[in-house]
Structures are given as C-alpha cells and as structure tokens.
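Only one structure is covered here, and it is reproduced in the block below.
Residue numbers start from 1 in every chain, and the chains themselves are labelled A, B, ... in the order their sequence lines are given, proteins ahead of strands.
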There are 2 protein chains.
Amino acid sequence: MSSASESLQPLSVSLSPQERFEEYLQTRGLRQTSQRKFLIDAVFSEHDHFDADELIDRLPRRGQENYVSSATVYRTLREFVDAGLLKSFQLDGRTVYELDYGYPAHDHLYCTRCRKLIEFQSEPLVQIRDEVAAEMGFRVSGHRMIVQGVCKDCGKARRKKRKQDLV
Amino acid sequence: MSSASESLQPLSVSLSPQERFEEYLQTRGLRQTSQRKFLIDAVFSEHDHFDADELIDRLPRRGQENYVSSATVYRTLREFVDAGLLKSFQLDGRTVYELDYGYPAHDHLYCTRCRKLIEFQSEPLVQIRDEVAAEMGFRVSGHRMIVQGVCKDCGKARRKKRKQDLV
DNA sequence: ATGACTGCAAACACTTTGCAGCTCG
DNA sequence: CGAGCTGCAAAGTGTTTGCAGTCAT
C-alpha cells in the first residue's frame with residue numbers, strides 16, 4: 001500500500017524559516033538585509049511551486065516600496081536552496097522551487113493539460129530506489145521523480161467535453 | 001526483486017530507425033533530405049546520452065562534407081522526438097537526448113561526481129507509480145526518474161583517495 | 001571601516017525563428 | 001513548379017556576472 005495523500009502535512013520544526021536562515025547567514029559571516037528578509041517572507045507565505053519569474057511577478061515593481069531586483073531574486077533563491085530552505089528542480093526548461101524546510105520529502109504528478117504539480121509520498125518508491133541503487137553499487141543522495149499524465153479534474157473536464165461534442 | 005542491470009538489451013523491432021522515420025515523414029507529407037538521413041545515422045551510431053552541443057561537436061564542421069547547421073540539428077532532434085525515435089529530458093539546464101525506438105523504457109542513476117548517467121529498469125517502480133496515480137485519479141502517460149548520488153567507480157576512487165590522505 | 005550586498009546593464013548559454021534561396025517530389 | 005527544407009544571422013529565453021555605489025556589522 002502506498003501512502004499517497006492529497007495534501008502533505010508540514011513537519012514540526014523548532015526554528016522558523018527566518019530563524020533558520022539567520023543561523024545559516026551567521027555561521028558563514030553573511031549579512032541580514034532587508035531584501036533577504038522580505039524575500040523569505042514572500043516565499044514562505046505561498047506554499048506552492050513557483051519559478052523565479054512567477055515570484056518576481058508578485059513582488060513590488062521597480063520604484064515601489066520593497067522592490068528587489070531580479071538579479072537579487074535569482075541570487076537569493078540559490079542561497080535559500082543552499083540553506084536547505086527550498087528545493088529546486090527543472091521543469092520545461094525553467095527552474096522550479098518549492099518549500100523544503102519543514103516539509104516532507106515527496107514526488108510529483110505533473111498534469112500536462114493544466115500544468116499543475118500534485119505532490120505525493122510513497123515509502124515503497126524510496127525502498128525500491130534504494131534496492132536498485134544498492135545492487136549497482138550506487139550511493140544515493142536523493143532523487144527526483146515526475147509522473148506525467150492528466151489529473152483528475154482535467155480528466156473529468158475532458159470526458160464532459162466529449163459528451164457535449166456528441167450532442 | 002528489482003530487475004536492475006548494467007546494460008539494457010535492445011528490443012527487436014521490425015523497422016530500422018531509418019525506415020521508421022521515413023514512414024513518419026511520408027505520413028505527414030514531409031521530405032527526406034540528406035541532412036535528415038545523415039543525422040539519423042549519426043544519432044543511432046552512438047548508443048549514449050547526448051545533448052545538441054555534444055552532437056554538433058562530433059559532426060562535420062562548416063565547410064566540410066555533410067555539414068549540418070545547428071539550427072537544423074535542433075529542428076531535427078525535435079522531429080526525432082516527435083517521431084518516437086528519441087526521448088528527451090532536462091538535466092542541469094540543458095536538453096539531453098537518448099534512444100527511444102527499439103530501446104526499453106528505463107530510468108537513470110546520475111553520478112554527481114563524474115556526471116555519468118547509468119540506466120536501470122525496475123518493474124516494481126512502475127507498479128508503484130501506477131498504484132499511486134490510480135489512488136489519486138491521475139491518468140499516467142509516462143514518468144521520469146533520476147536518482148542522484150555517487151556511482152560505484154567514483155565511490156571506489158574516493159575511498160582510495162581517502163586512504164592515501166591518511167598516509 | 002571594510003567586506004558583503006544590491007541594482008543595473010551587459011554577458012551568457014542554449015534554443016528558436018524570420019527570411020531568402022535551394023531542393024525534393 | 002510549389003511546398004518544404006536549409007543555413008545564416010538575429011532574436012529569444014532564463015539566468016548569471018562585473019562593476020560601482022551602498023549598507024550591515
């Protein structure tokens with residue numbers, strides 16, 4: 001039995017993302033800046049997948065309060081990944097980010113119709129991964145799996161549409 | 001038991017890649033050209049993963065016999081994917097191609113040390129994928145899994161090096 | 001103060017595209 | 001002959017980088 005679920009539960013963590021990042025910065029002699037504080041809030045207020053462009057879109061524009069240049073957004077996203085706050089992966093040519101800190105490991109179903117990413121967890125999947133790797137003398141550090149197809153909603157919509165077409 | 005293996009066996013197919021592609025072109029009113037013929041040979045002579053740049057590198061240069069412009073290489077690679085001859089996926093920002101026609105479905109271990117892609121097949125993996133998808137009402141059309149880590153050889157090399165460091 | 005950070009613009013790597021001429025069917 | 005193809009160069013993406021001024025510590 002696989003442990004798929006519609007929405008994943010956050011893990012309980014002792015430090016907030018902000019605190020965690022502060023720690024990360026301090027141990028490396030890096031600095032707290034208003035941009036970094038603002039970005040961490042922006043990123044952790046949305047519990048969804050996003051790419052740099054989407055993030056920039058919902059940030060203040062040039063000239064407005066709290067504007068952050070795209071260069072800094074790109075730079076900071078990479079820092080968040082280094083700090084273990086975010087995970088990133090490639091999808092359709094661009095880099096997609098998602099929460100990592102305080103969030104359980106999981107994989108994705110990708111609906112090619114509505115381009116939605118749906119999360120799932122499967123312990124057996126990880127077991128098989130490790131078995132295969134062990135057989136081949138490969139030391140696993142992680143993996144990325146994306147299942148393409150059509151999600152429930154789009155499947156429904158499609159069937160409905162077909163019925164209408166017949167009328 | 002997973003069916004991992006060091007090297008995958010080609011499937012037996014009734015048409016050669018060339019014939020298959022010819023068929024594809026004809027059914028769509030597209031044309032056989034010397035460039036397309038040359039590229040299909042170049043691609044199917046190497047049974048390895050490659051990106052557009054690597055392919056272009058081992059092709060004749062501008063001015064030489066059988067030169068093909070990079071624009072055409074990119075265009076043709078996409079056609080090969082459409083025709084079901086090649087598969088493509090993203091790795092480290094670039095598009096990686098591999099044989100699909102006459103080659104069994106498989107997944108990859110990716111060595112982050114030597115950047116080698118190692119193939120494996122696992123039937124249980126596919127079963128679990130389908131179970132999870134079914135539970136979530138998702139119609140699967142395919143998947144892509146990449147396991148990151150360190151391969152056997154690099155693991156060896158590393159251990160050796162560590163021993164030496166101790167001397 | 002001083003080294004890190006930011007914004008800007010330019011550079012980048014990879015890929016796609018417009019166009020004029022060439023070629024297959 | 002005409003639609004499709006190719007090479008070229010230019011244009012696009014998405015992302016990174018050099019630099020000069022600014023700011024946190």
Value rounded to 0.5 Å, distance of CD1 in A/Ile56 from OG in A/Ser69:
8.5 Å
Would B/Gln18 and B/Asp41 count as having a side-chain donor-acceptor pair, cut-off 3.5 Å?
yes
Counting only non-hydrogen atoms, which of residues 61-83 of chain B are less than 4.0 Å from DNA chain C?
B/Ala71, B/Tyr74, B/Arg75, B/Arg78
Could you state the NZ-C1' distance from B/Lys37 to D/dC5, rounded to the nearest angstrom?
14 Å
Starting at atom CG of A/Leu55, determine the distance to atom C1' of D/dG14, rounded to an integer number of angstrom.
14 Å
To the nearest 0.5 Å, tell me how far A/Tyr97 OH sits from A/Leu77 CG.
4.5 Å
More than 12 heavy atoms from other groups under 6.0 Å of CZ on A/Arg94:
yes
Pick the closest DNA chain C nucleotide for B/Thr95 and for B/Leu30 by heavy atoms, then say which residue is nearer the 5' end.
B/Thr95
Map B/Thr33 and B/Tyr97 onto DNA chain C by nearest heavy atom, then report which one ends up closer to the 5' terminus.
B/Tyr97
For A/Tyr110 and A/Asp92, test the side chains for any donor-to-acceptor distance below 3.5 angstrom and give the result as yes or no.
yes
From the 5' end of DNA chain C to its 3' end, which nucleotides mark the outer limits of contact with chain B, defined by a 4.0 Å heavy-atom distance cut-off (strictly under)?
C/dC14 to C/dG25
Within a 6.0 Å radius of atom CZ on A/Arg113, are there more than 12 heavy atoms belonging to other residues, nucleotides or ligands?
yes
Quick check on the helix from C/dA1-D/dT25 to C/dG25-D/dC1: what's the angle between its two end axes, five base pairs per end, to the nearest 10°?
30°
For residues 12-33 of chain A, the ring-ring contact (aromatic ring centres under 6.0 Å, His included) pairs (sequence neighbours left out) are A/Phe21-A/Tyr24, A/Phe21-A/Phe80
B/Asp92 CG to D/dT16 P, straight-line distance once rounded to whole Å:
12 Å
Taking DNA chain C as the partner, which of residues 15-25 of chain A come within under 4.0 angstrom of it by heavy atom?
none
Between atom CD of A/Glu22 and atom CZ of A/Arg31, what is the distance when rounded to the nearest 0.5 Å?
15.0 Å
NZ/NE/NH1/NH2 to OD/OE distance under 4.0 Å, A/Glu98 and A/Arg144:
yes
If you compare every side-chain N and O of B/Gln35 against the phosphate oxygens of D/dG7 (OP1, OP2), does one of them come in below 4.0 Å?
yes
To the nearest 0.5 Å, tell me how far B/Arg129 CZ sits from A/Leu109 CG.
10.5 Å
Between atom CD in A/Gln32 and atom C1' in D/dT25, what is the gap in whole Å?
12 Å
Distance, rounded to the nearest Å, where B/Leu39 contributes CG and D/dC5 contributes P:
14 Å
Output for pair (B/Tyr74 OH, B/Ser70 OG), nearest 0.5 Å, gives 7.0 Å
Fit a plane to each ring of A/His106 and A/His49, take the angle between them on a 0 to 90° scale, and name the class: parallel (under 30°), tilted (30 to 60°) or perpendicular (over 60°).
perpendicular
For A/Lys116, salt bridge (charged side-chain N to carboxylate O under 4.0 Å, His left out) partners two or more places apart:
A/Asp153
